[in-house]
Amino acid sequence: MPEGHTIRRQAKAFAAELAGDKVVVTSPQGRFEAGAALLDGHELVRAEAAGKHLFLRFSNGRYLHVHLGLIGKWDFGVPPAPEPTGAVRVRLEGPRAWADLRGATLCEVVTSAQVRGVLRRLGPDPLRRDGRREEFVRRAGRRVLPIAALLMDQEVVAGVGNVYRAEVLFRARLSPDVPGRELDPGVVGALWDDLSTLMRDGVKRGVIVTTLPADRPPGTRRGVPPREAAHYVYRRTGLPCRVCGTPVATRELNGRNLYWCPVCQHIRP
DNA sequence: GGCTTATGCGCAG
DNA sequence: TGCGCCTAAGCCA
């Protein structure tokens, strides 16, 4: 489930449960032994999320940089940590908590200069306090690519993935095919505001919920909706649109599935 | 139990 | 363009 909200939650978990303590860092799988040795025994001093990137700063000035990719996962627990099973790339063990990383696309030890390099390349993050809404409007507004492609470009906006992309376009009733530079800046700004709302809600809940209660099936309109009621279009190919009943459409765009309602999402420049 | 699919990226070629 | 990552949920038998 790694869109930006997930990484943000994980950063918070590291900050609450491991920061401030010396940490034993190992690589049970063996693929990260050299990196683990650089961090082992040092104090974790800060945990930070930027888009889908996680940075853990250690007291010797080095950072662990992790990008989960599609199948990466952190597991947290209370000591004693169990015997590692499967491919545990990294294990962090503090006095109060342990964390296991599996399946990540990227796991490396970097310097603060390298961290700044990653941050420079990333677009504005709707979850960060320094969110830079106008920078998103500028970056999206000068591109010819369709808005559906721009929302997945981490240099345009950081932390948005395939679920938020599909859902925020639906909620705006915006056609996925409108080129960025043909969009009204007010519309682009509204997309940012909605992303910020949805992703903050995702951080709170731990799951992505984008449907309004009134658009959910009867019996699921109160409280936390079940997964099948949580989205408007994402992974709902062929099912009736929750608003107009038209079958939800899907196609591939840049190697990823794009979902949309061809009737509701009528707004074009 | 097996098979398919996936919320994402970097990289080889 | 396709693969690696090598997880885990959902589906089928």
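- Using P as the reference atom, C:dC11 and B:dT7 are 16 Å apart when rounded to the nearest Å.
- Between the C1' atom of B:dC9 and the CG atom of A:D153 lies a distance of 13 Å, rounded to the nearest Å.
- Distances from the side chain of A:P2 to the nucleotides C:dT7, B:dA6, B:dT7 place B:dT7 closest.
- Following rounding to the nearest Å, A:H67 (NE2) and B:dG8 (P) show an atom-to-atom distance of 8 Å.
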Can you list, pair by pair, the side-chain donor-acceptor contacts under 3.5 Å of residues 71-84 of chain A, counting residues two or more places apart and other chains?
unit_1, atom_1, unit_2, atom_2, d
A:K73, NZ, A:D75, OD1, 3.1
A:D75, OD2, A:R102, NH1, 3.3

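- Between A:Y232 and A:F170, the ring planes lie parallel to each other; the angle is under 30°, not in the 30° to 60° tilted range.
- Between the CG atom of A:L70 and the P atom of B:dT5 there is a distance of 13 Å, rounded to whole Å.
- Among residue pairs with one or both ends in residues 238-249 of chain A, none qualify as side chain to side chain donor-acceptor pair (under 3.5 Å); sequence neighbours excluded.
- The nucleotide whose nearest atom lies closest to any side-chain atom of A:Y234 is, among B:dC9, C:dC6, B:dT7, B:dT7.
- When the P atom is used for both B:dT5 and C:dA13, the distance is 15 Å, rounded to whole Å.
- In this structure, the CD1 atom of A:I208 is 11 Å from the P atom of B:dT7, given to the nearest Å.
- Computed from coordinates, the A:R236 CZ to B:dT7 P distance equals 16 Å when rounded to whole Å.
- Look at the P atom in both B:dA6 and C:dG2: the space between them is 16 Å, to the nearest Å.
- Note on residues 249-269 of chain A: pairs passing ring-ring contact (aromatic ring centres under 6.0 Å, His included), not counting sequence neighbours, are A:Y234-A:Y259.
- Using a 4.0 Å heavy-atom cutoff across all strands shown, A:G69 reaches at least one base atom of the nucleic acid.
- Note on A:R235: only backbone sugar-phosphate atoms sit closer than 4.0 angstrom, heavy atoms only; bases stay farther off.
- A:D194 pairs by the salt bridge (charged side-chain N to carboxylate O under 4.0 Å, His left out) definition with A:R171, not counting sequence neighbours.
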Which pairs, protein N/O on one side and nucleotides 10-13 of chain B N/O on the other, fall under 3.5 Å?
none

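- Salt bridge present: A:R128 and A:E48 bring a charged side-chain N and a carboxylate O closer than 4.0 Å.
- Rounded to whole Å, the distance from CD on A:Q10 to P on C:dT7 is 16 Å.
- A donor-acceptor pair is defined here as one N or O able to donate and one able to accept, closer than 3.5 Å; such a pair exists between the side chain of A:T250 and the backbone of A:L258.
- Across the P atoms, B:dT4 and C:dC3 are found 15 Å apart, a figure rounded to whole Å.
- Note on A:K73: every side-chain N or O is 4.0 Å or more away from OP1 and OP2 of C:dT7.
- Taking the side chain as every heavy atom from C-beta outward, A:L127 and A:V203 approach each other to under 4.5 Å.
- The phosphate of B:dT7 (OP1 or OP2) has no side-chain N or O of A:Y164 nearer than 4.0 angstrom.
- Nucleotide B:dC9 holds its C1' atom 12 Å from the CD atom of A:E108, rounded to whole Å.
- Within a heavy-atom distance below 4.0 Å of DNA chain C, no residue of residues 252-259 of chain A is found.
- OP1 or OP2 of C:dC6 sits under 4.0 Å from a side-chain N or O of A:R31.
- Looking at heavy atoms from C-beta onward, A:F32 lies out of side-chain contact with A:L101 at the 4.5 angstrom threshold.
- Separating the OG1 atom in A:T6 from the CG atom in A:L68 is a distance of 8.0 Å, to the nearest 0.5 Å.
- The side chain of A:E3 lies closest to B:dG8 when the candidates are B:dG8, C:dT7, C:dC6.
- Under the 3.5 Å distance criterion, the side-chain polar atoms of A:R143 are left unmatched by any main-chain donor or acceptor of A:L150.
- Residues A:Q154 and A:I71 each lie close to DNA chain B; by heavy-atom proximity, the contact nearer the 5' end of the strand is made by A:I71.
- Separating the CH2 atom of A:W74 from the C1' atom of C:dA8 is a distance of 18 Å, rounded to the nearest angstrom.
- An OP1 or OP2 oxygen of C:dC6 is reached within less than 4.0 angstrom by a side-chain nitrogen or oxygen of A:R89.
- At the heavy-atom level, A:Q29 lies under 4.0 Å from the strands shown only through sugar-phosphate atoms.
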